[in-house]
Amino acid sequence: MKNSFDEKILEEANDWIKTNQKVVLATVIQTWGSSPRQVGSRMIVNEKGDFSGSVSGGCVESAVVRECIGIIKDNKPFKKIEFKVSNESAWEVGLACGGEIAVYLEQLN
Amino acid sequence: MKINTLKEIIKKKENKNEFAIVTNLNTGDSEIYETGKKLSKDLEKYSDQIKDFYNSKKNGIIEDTEIFIETYVRPIKVIVVGAVHIAQYLVDFAKSLNFEISIIDPRGYFASAERFPDLNIINKWPDEAFKEIETNSNTALIALTHDPKIDDPALQHALNKKFYYIGALGSKKTHTNRCERLKEAGFNEEQINSIHGPIGIKLGGKSAPEIALSIIAQLVSVTYRK
């Protein structure tokens with residue numbers, strides 16, 4: 001049986017909007033291999049870079065925050081980004097677990 | 001996503017509806033799909049695939065398209081019998097796991113709103129209380145009073161309605177006696193063995209939050225097995 005095990009990210013997004021924050025919703029739309037979070041996992045990011053929720057196990061969240069701030073600045077409605085296996089360089093953003101994920105960013109407006 | 005769509009989704013979640021959010025990744029447009037609802041022109045041609053995802057409660061992109069679907073299911077109903085100390089911790093765990101808890105306890109001092117704020121507490125005997133709650137094979141029962149007068153009628157109701165998870169607190173001896181009573185009441189061995197008793201997975205702890213954790217862990221594991 002599927003439980004919704006819902007993290008209430010959309011409700012939180014609505015609370016942020018009520019306080020006049022600009023909010024980007026990031027959703028995991030596709031995964032390949034072993035990725036830390038399943039399809040449908042979400043995080044929200046505001047124009048200051050505050051975020052809540054997750055799309056990985058902490059591996060790519062900082063890059064997602066940067067991308068989200070970018071689309072608010074450029075006033076882009078949406079963007080799709082992909083993250084692949086991280087390579088050897090220690091500080092490169094990527095998934096240490098060897099998986100790949102596609103994340104869809106969309107402004108709530 | 002439009003804020004209006006977001007608000008509509010939140011409302012549907014509050015009302016515990018089953019629905020799906022369908023997003024065209026090429027345009028950024030999202031709409032809500034539910035049984036019997038007509039899809040917009042843009043998405044009409046994918047209606048068979050959308051229904052497939054919706055019926056199998058899957059999330060994902062329809063193959064060879066840019067259409068993403070996320071399905072929302074109703075939270076699982078968990079009936080707790082006994083507004084005891086362990087129940088207070090169960091409620092906390094259940095909240096983050098999105099189980100929908102109702103508590104039954106005929107004892108007024110236990111079933112007080114102060115002890116369980118923002119919760120459906122039914123201050124009645126189980127037979128009466130179950131008239132107010134719709135239950136089925138997707139419902140779970142956690143019996144915590146280890147008082148036969150209160151637990152037994154609830155266990156019998158759960159067995160008759162084929163709840164997918166039934167757990168009862170109490171020592172091995174308490175549970176043996178309980179099984180004996182259920183046998184006398186006419187329940188067969190298979191039914192009686194389906195009860196998780198003593199309740200919970202073995203973690204080793206004896207405190208109220210630890211027992212609550214062991215119960216909720218068992219409940220989650222059984223939920224995924226179903």
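Here is the naming used below: chain letters follow the sequence lines, and residue numbers restart at 1 for every chain. Excluded from the calculations below are hydrogen atoms, water molecules and symmetry mates; all remaining heavy atoms, backbone and side chain alike, are included.
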Counting heavy-atom pairs closer than 4.5 Å to chain B, which one of A:Thr31, A:Val23, A:Ile29 comes out on top? A:Ile29

Working to the nearest 0.5 angstrom, can you tell me the gap between [X] [atom1] and [Y] [atom2]?
X	Y	atom1	atom2	value
B:Lys2	A:Leu108	NZ	CG	11.5 Å
B:Ile3	A:Lys18	CD1	NZ	11.5 Å
A:Glu11	B:Leu6	CD	CG	8.0 Å

State whether the number of non-hydrogen atoms from other residues, nucleotides or ligands found under 6.0 Å of [X] atom [atom1] is greater than 12.
X	atom1	answer
B:Glu44	CD	yes
B:Glu66	CD	yes
B:Lys37	NZ	yes
B:Lys77	NZ	yes
A:Lys8	NZ	yes
B:Asp118	CG	no
B:His157	NE2	yes

Is [X] close to chain B through its backbone or its side chain, or both, or neither, when contacts mean heavy atoms under 4.5 Å?
X	value
A:Val28	backbone
A:Leu25	side chain
A:Ile17	side chain
A:Gln107	backbone

Indicate the atoms forming the closest heavy-atom contact of B:Glu70 with A:Gly40, along with that distance. OE2-O, 3.5 Å

Specify the closest pair of heavy atoms between B:Thr23 and A:Tyr104, including all atoms of both residues, with the distance to one decimal. CG2-CE2, 4.1 Å

Is [X] close to chain A through its backbone or its side chain, or both, or neither, when contacts mean heavy atoms under 4.5 Å?
X	answer
B:Ile21	side chain
B:Ser30	side chain
B:Glu100	neither
B:Asp29	neither

Is any side-chain heavy atom of B:Phe68 closer than 4.5 Å to one of A:Thr27? yes

Side chains of A:Leu10 and B:Tyr72, heavy atoms from C-beta outward: is any pair under 4.5 Å? yes

Considering only residues two or more places apart or on different chains, which pairs with a residue in residues 35-59 of chain B satisfy ring-ring contact (aromatic ring centres under 6.0 Å, His included)? B:Tyr33-B:Tyr54

